[in-house]
Amino acid sequence: MPFNSFKDDEKTIEVGKMATLMRLFKYLLAYKKQIIGVLFIMGFCVVVNLLNPLIMESAVDDYISKGNFRGLGRLIVFAVVLNILMVLGIKLRMYVMAKVCNSILVTIRQELYTHIQTLDFQFFDSRPTGKILARIIGDINSLKDVLSNCVTTLIPDFITICAVVAIMFIKNAGLAAASLISLPLMAACIWYIQTRSHKRWQIHRKKSSNLSAFVHEDLSGIRIIQSFGAEEETMDTFRGLTKEHRDSFIHAVRLNDAIGSVIDFCWGLGTVSLYFAGILIIGVDKVSIGTFIAFGSYISMFWHPIMNLSNFYNQMITNIAGAERVFEIMDTPSAITDREGVKELPPIQGKVDFDKVSFSYDGTVKVLNEVSFHIKPGETIALVGPTGAGKTTIVNLISRFYDIQDGHVYIDGYDVRDVSIESLRHQMGIMTQDNFLFSGTIKDNIRYGKLDATDEEIIAAAKAVNAHDFIMRLDNGYDTVLSERGGGLSIGQKQLLAFARTMVSDPRILILDEATSSIDTKTELLVQSGIESLLKGRTSFVIAHRLSTIQKADRIFVIDNGTIVEEGNAAQLMAMKGAYYQLYMSQFKNVV
Ligand SMILES: Nc1ncnc2c1ncn2[C@@H]1O[C@H](COP(=O)(O)OP(=O)(O)OP(=O)(O)O)[C@@H](O)[C@H]1O
């Protein structure tokens, strides 16, 4: 899958607005009781709204014109009580819907996050983190108003429109027809606008995502940017992306704004047509003043919900693009999943076999070519070779981070595809080139290796890998709070903490990728003895460019161009004077 950087708009899969909406609204079904309550309140408000013009008509025609002021007083009290109840109902409705919608957003966000956790490396290789963040945060937030207004606008306003039209036709069909004469014009305009608007909002969401990807990448690499004095260049990129973001917004919103003007125009046309038909065609003497006043109210009661509905529609096409992006990730299957009926991998001894393993990341270029080896439990294997040779790829296949195209990877005789991923990875300890530490205390970071580890286990693990002494020198010892990525600690200290985290998880198979690079000699001695404690009694794979760190390995595999070109212990390989010897000598020369 080609990488989608902040410079490229994402390609989203078109699923259709209706299908997306239906899927979104399904979340509301979990809150049936609350929704029914809100609809009941809304129904009451609609009835009060519909009654108000009739009350006004009756006040004019039955009481004011006949001088019955006692009756008028009773009618006013009745109307005031009804309207107060309506206002209280609206408040309650807003409270309930805010609660329901926020709960739904939490559910969607949790579903998305849980799903993302199961996705394979290929998914993360193919897009920047900022674009994933944009979907988890921005796109999901944009769904709140659609969900809320679906209940509070769509249903009640639709009912209001139907009821108003029915009442108008019952009272006076001619006036009703005249009032609604501009309806077909409005429908045509809205259809025209919506077909174009959705595309524009999709583009805007993609531009937001690009911006988010850039900002995330920029902040993650801020130290490099500042040390190379590249602030001006990144500012230029930022300006470019914000301009695209703004322009796409203006482009989209301009079209949306037109809907309001169309409705205003149709509303005005309907009102003019009502009075024109009432006064000139039907005749003033055939329609009472009360009926005219009532129709004046009904016409605004008809166009108000139309305006609300069109705003809702606008909002829907604006935000449905966000929903599409959220559901697209939810529907992305992980390339690495448990097969039907997989077994749990029982506690392993640590035997690893590669049987003619061939692998390609993109399905075309072979990165590994028929690699075979047999590793006994407890053996330490070092992988060396030029950069890009395939060392990391080999160790990634042991934990099944990618699926191979040909051959088999066996752990204790089990094909890694025949056991559950969780039971497999649970027995692996992986230390990558990036000793990632989370914000939180030192204790929390070590406990990450085994979530139920006791404080004693944590301290024992730290002692075993020589991390205890430096931890105790910190102001709050094991309770010292680390910032994101372990800021505030030296590289060596971060490595020692990562060792402790792996140590506490007590894996049967250990993978150390470039674990000892870029630290000073004194720390390296500490780290080296930490590694030795870690390796004891486990099957281990160590990838290190510095050959001095792997002299004690039981066997060294020299990898080149996706195959094992030499194999043996350090002394044997030196004696062979082949690829390993060349590597060793070139490093030695560099040191001298
Ligand atoms: N996620 C990936 N997607 C596509 N190609 C990849 C990916 N990771 C590695 N490669 C390619 O696969 C080949 C082997 O990479 P690998 O990381 O296994 O090499 P390596 O021997 O570990 O290198 P180094 O010592 O520099 O870490 C390289 O050509 C690399 O460009």
Side-chain angles (χ1 to χ4, degrees), residues 1-5 8 116 118-129 131-132 213 217 220 332 334-336 352 354 356-373 375 380-407 409 416 421 425 428-436 491 495 498 509-519 531 540-550 553 555-567 573 578-580 582-584 586-587 590:
M1 210 184 289
F3 182 73
N4 174 261
S5 81
D8 315 306
I116 287 175
T118 68
L119 290 174
D120 53 283
F121 276 20
Q122 248 155 358
F123 172 84
F124 298 100
D125 290 344
S126 65
R127 65 196 77 210
T129 313
K131 292 202 178 186
I132 302 173
E217 194 175 312
S220 306
T332 304
S334 176
I336 310 291
V352 180
F354 267 45
K356 293 192 176 161
V357 170
S358 294
F359 175 72
S360 160
Y361 284 100
D362 58 7
T364 51
V365 181
K366 263 196 183 172
V367 172
L368 295 185
N369 201 0
E370 300 213 343
V371 173
S372 296
F373 54 74
I375 315 287
T380 296
I381 304 297
L383 301 177
V384 300
T387 183
K391 304 179 294 289
T392 305
T393 307
I394 290 179
V395 294
N396 276 339
L397 297 181
I398 299 173
S399 308
R400 203 185 158 205
F401 285 126
Y402 299 92
D403 268 342
I404 52 179
Q405 283 89 19
D406 282 307
V409 175
V416 290
I421 296 167
R425 292 189 189 156
M428 309 271 160
I430 301 157
M431 290 197 48
T432 61
Q433 301 178 5
D434 176 18
N435 296 305
F436 193 92
I491 293 177
Q495 273 186 353
I509 296 178
L510 183 68
I511 291 161
L512 303 180
D513 191 351
E514 287 289 330
T516 58
S517 56
S518 49
I519 46 171
I531 290 181
S540 312
F541 292 84
V542 182
I543 302 177
H545 282 292
R546 292 210 258 176
L547 303 183
S548 56
T549 61
I550 52 163
R555 275 190 289 163
I556 299 170
F557 291 170
V558 183
I559 316 289
D560 196 7
N561 218 1
T563 53
I564 300 175
V565 291
E566 269 174 31
E567 184 191 326
L573 292 179
Y580 179 81
Q582 300 296 334
L583 267 173
Y584 191 90
S586 65
Q587 282 201 4
N590 286 343

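Whatever order the structure lists them in is the order used to number ligands and atoms, beginning at 1.
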Nearest non-hydrogen contact with [atom] belongs to which option: [options]?
atom	options	result
atom 22 (O) of ligand 1	Thr392, Ile543, Leu368, Leu397	Thr392
atom 18 (O) of ligand 1	Val395, Ile394, Leu383, Thr393	Thr393
atom 19 (O) of ligand 1	Pro386, Gly390, Gly562	Gly390

**OP:** Please name the residue in the list Leu510, Thr380, Val395, Ile381 that meets the side chain to side chain contact (heavy atoms under 4.5 Å, CB included) test with Val542.
**Re:**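 Between Val542 and the candidates, side chain to side chain contact (heavy atoms under 4.5 Å, CB included) is satisfied uniquely by Thr380.
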
Subject >> Val367 neighbourhood, listing ligand 1 atoms whose heavy-atom distance to it stays under 4.0 Å >> reply: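 Near Val367, meaning under 4.0 Å from one of its heavy atoms, ligand 1 has 12 (O), 13 (C), 14 (C).
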
**OP:** May I ask you to identify, for Tyr402, whether its side chain, its backbone, both or neither come under 4.0 Å of ligand 1 on a heavy-atom basis?
**Re:**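 The part of Tyr402 near ligand 1 is the side chain, not the backbone.
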
Subject >> For Asp406, all residues meeting salt bridge (charged side-chain N to carboxylate O under 4.0 Å, His left out), sequence neighbours excluded >> reply: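 Salt bridge (charged side-chain N to carboxylate O under 4.0 Å, His left out) check on Asp406 returns nothing, list empty.
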
**OP:** Please identify each residue that fulfils salt bridge (charged side-chain N to carboxylate O under 4.0 Å, His left out) with Glu567, with sequence neighbours left out.
**Re:**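 Once residues adjacent in sequence are excluded, the partners of Glu567 under the salt bridge (charged side-chain N to carboxylate O under 4.0 Å, His left out) criterion are Arg555.
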
**OP:** Could you tell me whether some N/O pair between Ala389 and ligand 1 is separated by less than 3.5 angstrom?
**Re:**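 Yes; the residue has a nitrogen or oxygen that sits under 3.5 Å from a nitrogen or oxygen of the ligand.
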
Original post:
Considering only heavy atoms from C-beta outward, does the side chain of Phe557 approach that of Val565 to under 4.5 Å?
Top reply: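 Result no, sub-4.5 Å side-chain heavy-atom pair not found.
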
**OP:** Would you kindly say whether Tyr402 and Thr393 are connected by a side-chain donor-acceptor distance under 3.5 Å?
**Re:**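 Looking only at side-chain atoms, Thr393 and Tyr402 do not form any donor-acceptor pair under 3.5 Å.
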
